[in-house]
Amino acid sequence: MIRTHLIDALRSALARSGVGPLPATIEIGRPARPEHGDWSTNVALVCARAAGRNPRDLAGELVEHISADPPAHLRTVEVAGPGFVNFFLDDGWLHDVLRQVVAEGTGGYARSDFGAGTAVNVEFVSANPTGPLHVGGGRWAAYGDSLCNILARCGFVPHREYYLNDRGRQMDAFAESLVARKQGAEPPTDGYHGDYISEWVAEMPDGADAREWGYARARRDVAESLARLGVTFDTWSSERALVDSGAVAATLETLEGRGATYRADGAVWLRIDGAPDVVGTSDSAAGDNRRGRGRRGAAGGAISPDAPDDGHRRPRPDPTTPGSDAARTAGDGSAGRGGDRVLVRSNGEPTYLLPDIAYHADKLARGFDLLIDVWGADHHGHVAPLTTGVCALGHRREQLEIVLGQLVTVMRGGAEAKISKRAGNLVLLDDLVDLVGADAARMTFLLQSLASRQTIDLDVAAAQSMENPVFYVQYAHARICSLMATAAERGTTRPPLEEVALDLLADPRELEVLRSLHALGDVLAEAARERAPQRLTTWARQLAGAFHGFYHDCPVLRSDIEPPLAAARLWLAEAARIGLVIALDLLGVTAPERMETLDRDATEGGAE
RNA sequence: GCCCCCGUAGCUCAGGGGACAGAGCAGGGGACUUCUAAUCCCAAGGCCGCAGGUUCGAAUCCUGCCGGGGGCGCCA
C-alpha cells in the first residue's frame with residue numbers, strides 16, 4: 001500500500017525531472033537506521049549515470065517535486081548521503097498496517113499471487129525404503145514441507161512428492177540382510193547391519209517375501225516418522241512401477257533416437273556435456289539464481305563411512321575408446337567415461353539414472369510447470385547427468401531446479417555420531433522427535449539456510465530444549481492468548497476496530513510490532529523466490545521479539561491504562577497474533593494457547 | 001586433480017549490492033506486590049578467512065589463494 005504510493009510519487013517526480021526511460025523497477029526499502037527515514041530509495045543513484053546527472057542534484061529535484069505533491073502520510077522527504085531520497089512518514093502508515101492485518105486475517109494477510117498458479121512439483125526426502133529415517137531426513141522434510149506452504153501462499157500450486165527407489169542393488173542388499181538375519185546369520189558385508197534389521201525380522205512372518213515385506217515395512221516406518229513431523233505427501237512414486245510401465249524403456253528409446261547415447265563395453269552410456277549445473281547457474285524463467293541446498297536419498301549423513309570409499313579406489317581399467325568421446329572431461333566432477341554415465345549396464349539392467357530421467361519426464365508429463373528436487377550435497381554428482389538426460393528429452397533446463405543442501409551432523413556424548421543405515425549406528429528422526437517434540441524439531445531444522453551444514457547436539461537438545469527459539473516464538477503467541485483471556489475475564493472487550501483510536505499507538509514498542517508485521521509480505525515473497533524458508537523463521541523470531549518488548553513496556557489491562565489505549569493495544573496484540581499464527585503455520589509449528597512446558601517446569605521448580 | 005557448499009562476536013548461526021554489521025547462547029550488570037520473568041533493559045564482545053577486481057557504494061557480485069565439509073561407481 002504505502003510502498004505503491006511512494007513509488008508512484010517517485011515515478012511522476014522522475015518523469016517531471018525529465019528522466020527517461022524510467023527504470024523497470026524502482027527500488028524502495030526500509031533503511032536500518034531511523035535517521036534515514038521510514039523509507040528510502042536509491043533511484044537517483046541508479047538513474048544518474050544514464051541521465052547524465054549528478055546523483056545528489058537529481059535527488060534534490062525529486063525531493064522538490066515530491067514535496068510539491070506529497071503522497072499520503074508524508075511528513076518530510078530529503079536527500080541524504082550520495083543521493084538517497086529518504087521519506088519520513090507519520091505513524092499513520094503503520095496504523096494502516098494494523099487495519100490491513102486485521103482485515104485480511106490469518107488466511108489472507110501477506111498472501112501474494114506472483115506464483116500465478118504455477119504448478120510446482122516439490123520432491124523431497126526420497127530416502128531409500130530400506131530402513132527408518134535418520135535425523136537428516138527430518139531436515140529435508142521440514143524444508144520441503146514448509147517451502148510448499150510458502151509457495152502456496154505466494155500463488156504457486158505445490159505438490160509434495162516422494163520418490164521411492166524400490167528396485168536395484170540397495171533393495172537387493174536390504175532383502176538379503178533381512179533373510180540373513182531371519183536365518184540367524186550376519187548380513188552380507190555390503191548389506192544393512194542396523195539393529196532395526198533384527199527388530200523388523202522379528203516381526204516378519206515365516207514365508208514372507210523378504211523384499212516385499214521389508215519394503216512395505218520400511219515405507220510405513222518412513223511415512224509414520226514424517227507424519228509425526230506433520231509432513232505428508234501427495235504422491236509416493238515408485239521407481240519399480242515406472243520400470244514395469246514401460247516408461248523407462250520408452251525413455252531409453254527416445255534418448256537413443258535423439259543421439260544422446262552410445263554403446264561401449266556392452267553398456268549404454270549417456271553423453272554428458274559437462275554443462276554447468278542447473279543450480280547456481282544462470283537463470284530460470286522466473287529469474288531465479290540461487291545456490292543449491294537440499295539433499296536426497298538414503299543414509300546420507302555426515303560422512304560415507306562404508307569401507308570402499310576412502311579415496312583409494314582401485315584404478316579402473318582405462319577407458320579404451322569405442323565411442324568417440326572417451327577423452328572428454330566433464331568438468332563437473334562426475335566420473336565415468338570422460339564424465340559420461342551408464343544408463344543400462346552390460347547385464348541389461350538399468351542403473352538408477354535411466355529410471356530417474358524417466359521419472360522426471362513423467363512428472364513433467366503430469367503437467368507440472370516446474371520441478372524442484374531437494375537433494376543432499378552428497379548427490380551433487382548426479383545433477384549434471386540427470387539434467388542432461390531430462391534436457392536431452394527436449395525439456396527446458398529451467399523446468400528442473402535442483403536444490404542441494406548440506407548434510408546434518410549429529411553430536412552425541414560430545415562426539416560426532418556417525419550416521420549409516422548400513423553400519424547400524426543410526427540416529428533416528430524419531431529419536432529427535434521423542435527428545436524435543438515435533439515443534440522444536442521442525443523449528444530447529446528451519447533455523448538456518450540449507451546451504452550451511454547443520455549440527456544437532458542431541459545432548460543439548462535433550463537437556464536444554466528451552467534454549468530453542470521455538471519456545472520464544474510460541475511463548476509470544478501464548479502470551480497474547482493469555483492476555484485476551486484475561487481481558488475477557490475482566491469484561492474488557494475489544495470495541496470494533498473502526499471505533500478504536502489507533503493513533504494512540506505511538507510508543508516505539510508498538511510501532512516496532514507494526515513495522516515487523518508490515519515486513520511479512522516481503523519476507524514471504526523472498527522466502528518463496530529464494531526457496532528459503534529460514535527467512536520466515538528469522539522473521540517469526542523478530543516479530544516475537546518485538547511483541548515481547550511491547551508486552552514488557554506497554555501494559556494493556558492495568559488499571560491506570562485508559563480504555564481507549566487499552567483497546568488500541570488489544571488490537572495491536574491481535575494483529576501480532578495473526579502474524580505469529582501465519583508464520584508458525586507455514587513453518588509447520590503449532591501455536592499453543594498456553595505453554596505446557598512452562599507450567600511443568602514451574603511445578604517442578606516449586607516442588608524443589 | 002576436478003566439481004559443489006561453507007568460512008561473519010568466545011560458541012551456534014541470521015543477513016547475501018546501500019548509509020556506522022544482527023540475533024540467540026555463554027560470560028558481566030540490572031528489572032518481577034502488576035496482563036505468565038521461557039520475558040525485558042544496559043554494558044561488553046567484529047580487519048564479515050586473505051588478496052585483488054567490478055561499482056557512486058561490497059560482508060553481499062567476480063577472480064585467485066588459504067582453511068573446513070561433501071562428491072567424483074556398470075551403488076542409490
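Every chain is numbered from 1, with letters handed out A, B, ... down the list of sequences. What you see is a predicted model; the values in this text were computed from it and never measured.
The distance from atom CZ of A/Arg479 to atom C1' of B/C40 is 8 Å, rounded to the nearest whole Å. As a whole-Å value, the separation of A/Met411 CE from B/C13 P is 11 Å. Rounded to a whole Å, the CG atom of A/Asp457 is 21 Å from the P atom of B/G24. In this structure, the CZ atom of A/Arg531 is 17 Å from the C1' atom of B/G16, given to the nearest Å. Here the P atom of nucleotide B/U36 and the CD atom of A/Gln474 are 18 Å apart, to the nearest Å. Nucleotide B/C32 holds its P atom 14 Å from the CG atom of A/Asp553, rounded to whole Å. What separates CZ of A/Arg56 from C1' of B/G57 is a distance of 15 Å, to the nearest Å.
Sequence order on RNA chain B of the closest nucleotides to A/Arg535 and A/Leu483 puts A/Arg535 first from the 5' end. The residue among A/Thr486 and A/Gly549 whose nearest nucleotide of RNA chain B is located toward the 5' end is A/Thr486.
Within 4.0 Å of A/Ala80, counting heavy atoms only, lies at least one base atom of the nucleic acid. Across all strands shown, A/Thr537 has no heavy atoms under 4.0 Å from either base or sugar-phosphate atoms. Among the atoms of the strands shown, none is found under 4.0 Å from any heavy atom of A/Asp166.
Evaluation of the side-chain hydrogen bond (donor to acceptor under 3.5 Å, both in side chains) rule for A/Asn42 yields no partner, not counting sequence neighbours.
Counting non-hydrogen atoms of other residues, nucleotides and ligands closer than 6.0 Å to CD of A/Glu256 gives a total above 12.
Only the C1' atoms considered, B/C75 is 41 Å distant from B/C48, to the nearest whole Å. Comparing the C1' positions of B/C13 and B/C50 gives a spacing of 22 Å, expressed to the nearest Å. B/A51 and B/U8 have their P atoms separated by 16 Å, given to the nearest Å.
Both geometric conditions, a ring-centre gap below 5.5 Å and a plane tilt below 30°, are fulfilled for A/His36 over the base of B/A19. Between A/Phe471 and B/A38, a base-stacking contact is recorded: ring centres under 5.5 Å apart, planes less than 30° from parallel.
Taken together, the paired segments of RNA chain B that extend over three or more consecutive Watson-Crick or G-U pairs, each closer than 3.5 Å at both contacts, are B:1-7 with B:66-72, B:10-13 with B:22-25, B:28-31 with B:39-42, B:49-53 with B:61-65.
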* CA sep, side-chain torsions, deciding dist, call: A/Glu349, A/Arg169, salt bridge (Lys or Arg N to Asp or Glu O under 4.0 Å) -> CA-CA 10 Å; A/Glu349 273 292 302; A/Arg169 252 319 289 163; over 6 Å; no
